[in-house]
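The structure under discussion appears below in the form of C-alpha cells.
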Amino acid sequence: MAAPLSPRDAGKFITENSKDVFVDLNGVRSLAEKLLEKIGRKEITLKGWKSLHELNPQDSGEDAVNWVFFADTLNFSFWSENEEKKFLVKYKGKEYSGYWSLCAAMNRALDEGIPLTSASYYSNITMEQLKHVFRSDSDFPIPMIEERLEILHQTGKILLDKFGGSFVNCVKMSERSAVKLMHLVVENFPSYRDEGVFQGQTVAFYKRAQILVGDLWGVLEGQNDGCFHDIEKITMFADYRIPQALVHFGAMRYSEELLKKLKEGWLFKNRDREEMEIRGCSIWAVELVCDHLRQLFEKKGEKMSNEINPVLIDHFLWDYARDYREAIKEVPFHRVRCIYY
C-alpha cells in the first residue's frame, strides 16, 4: 500500500478536490496581516506555551517530557453537547473545561502522589483508578473513558518495551528532526495513526502526533533535544476548534449544505468526506497564511523567523477560538467523537 500523503500534501490535495469547504485567499491575506501586527507586538511567541498557560509544565526535564506525552496521548474529544453538560475540573481555586480539564486532572493526580505520567503505572492502570484521576466536578464525566483506558495500556506497554519507559528516549532518537519524531510516533504508537482515504488517495492528518511535536518544542523551549531544525514542516493540528476560527476570520468558507448540517448539530463520523474536507482545508489555509506572512516580512525587508510557523499560528487560533467562543459561535464547530482529536 502506498504511503499516505503527508499532512501538508494531504491538505493541498483535499483543498483542490473539496466540494463543501473552500479556502478564501482574501481571508487568508487578511488573517496574515492581523497576525503580522500580533507578531510585531510579541503576542505570538514560543515562550507563550509556558507563560500563557499555567497548567503546562514550567520546567524542561524528563518529567515534563513524559507529562506532555501522556497529555497528548489522551488529547482528544473534549467537546460537550452544550454549555450545561461539561466535564469540569477544579484545581487550585480555578475551574477548567475542555482540554484544560484533562491537564488540571493530571496535575491534581500528580499533587496527590499518583505517578500518573510513568509508563509503568499507566500501562496497568485500572478503570477505577482512571475514573478517580479524571473525576469530574460537574455531573458529566470525561468522554470516551473506555477508549482512554485501552490507549493508555497499549501506549504504556509500547513505551516500556521499545523506549525504556521514557518518551525522552524517543525524542533523542529523532536527532532534532520534528518530521522524524512525528514518524517515530506514528509508526510505533497505533493510536496516533490518524489517516483516511479521500477520493481514492490515502491522506494523513496526524493531529495528535504533530501537536505532540509542537508541545515538546514548547516544553523544551526550542533548546537541546527540542531544537528541531525543521519545525516549520509541522502543519497546524487539524481539530474541531481551528476550522471554526478560520471560518470566523474569513480564511475558509463552508457550503450552505454543510453550514446547515453544522447548525443542526450533525454528528459526523471520523473519515466522512465533509469531515476530511474541513480538516484538510484547515491545514492548507494555515500553510497559505504562513506563506503570505513570509511575503509580508519580505516586503518590509525582513526575514521571517523560523519560530513563526504553522505551530504558533495554530496556538493563536486555538486560544482565540476558546477565549472568544461567543464571538465565533455563528460558525458551529463540527462534531465528531473519535480518538484522533
For the [atom1] atom on [X], are there more than 12 heavy atoms of other groups (residues, nucleotides or ligands in this structure) within a distance under 6.0 Å?
{"X": "Trp266", "atom1": "CH2", "result": "no"}
{"X": "Glu302", "atom1": "CD", "result": "yes"}
{"X": "Glu150", "atom1": "CD", "result": "no"}
{"X": "Lys233", "atom1": "NZ", "result": "no"}

ring-ring contact (aromatic ring centres under 6.0 Å, His included) involving Tyr206 - partner list, sequence neighbours excluded: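 In terms of ring-ring contact (aromatic ring centres under 6.0 Å, His included), with neighbours along the sequence ignored, Tyr206 is linked to no residue.
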
Residue list, ring-ring contact (aromatic ring centres under 6.0 Å, His included) with Tyr99, at least two apart or on another chain: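 Tyr99 satisfies ring-ring contact (aromatic ring centres under 6.0 Å, His included) with no residue once adjacent residues are dropped.
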
Within residues 130-145 or reaching into it, pairs that qualify as salt bridge (charged side-chain N to carboxylate O under 4.0 Å, His left out) - sequence neighbours excluded: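 Counting only pairs at least two positions apart or across chains, the salt bridge (charged side-chain N to carboxylate O under 4.0 Å, His left out) contacts touching residues 130-145 are Arg108-Asp137, Glu112-Arg135.
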
Salt bridge flag under 4.0 Å for residues Arg8 and Glu287: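 A salt bridge is present here (some side-chain N lies under 4.0 Å from a carboxylate O).
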
Salt-bridge contact Lys94-Glu54 (side-chain N to carboxylate O under 4.0 Å):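 Salt bridge present between Lys94 and Glu54.
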
Phe69 and Phe189: CA distance, side-chain angles, deciding distance, ring pair (Phe, Tyr, Trp, His ring centres under 6.0 Å) verdict: CA-CA 11 Å; Phe69 181 61; Phe189 301 98; 5.2 Å; yes

is_close_aromatic(Tyr122, His153), centroid dist under 6.0 Å: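 No, they do not, as the ring centres are separated by 6.0 Å or more.
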
Centroid separation Phe249 to Tyr320 less than 6.0 Å: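 Here the rings of Tyr320 and Phe249 have centres that are less than 6.0 Å from each other.
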
Ile231 CD1 to Ile308 CD1 distance, which is reported to the nearest 0.5 Å: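 It comes to 12.5 Å.
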
Glu195 side chain reached by Val203 side chain, heavy atoms, under 4.5 Å: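 When only atoms from C-beta onward are counted, Glu195 and Val203 do not touch, as no gap falls below 4.5 Å.
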
Asn306 and His229: side chain donor to acceptor below 3.5 Å: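 No pair is found: no donor N or O on one side chain lies under 3.5 Å from an acceptor on the other.
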
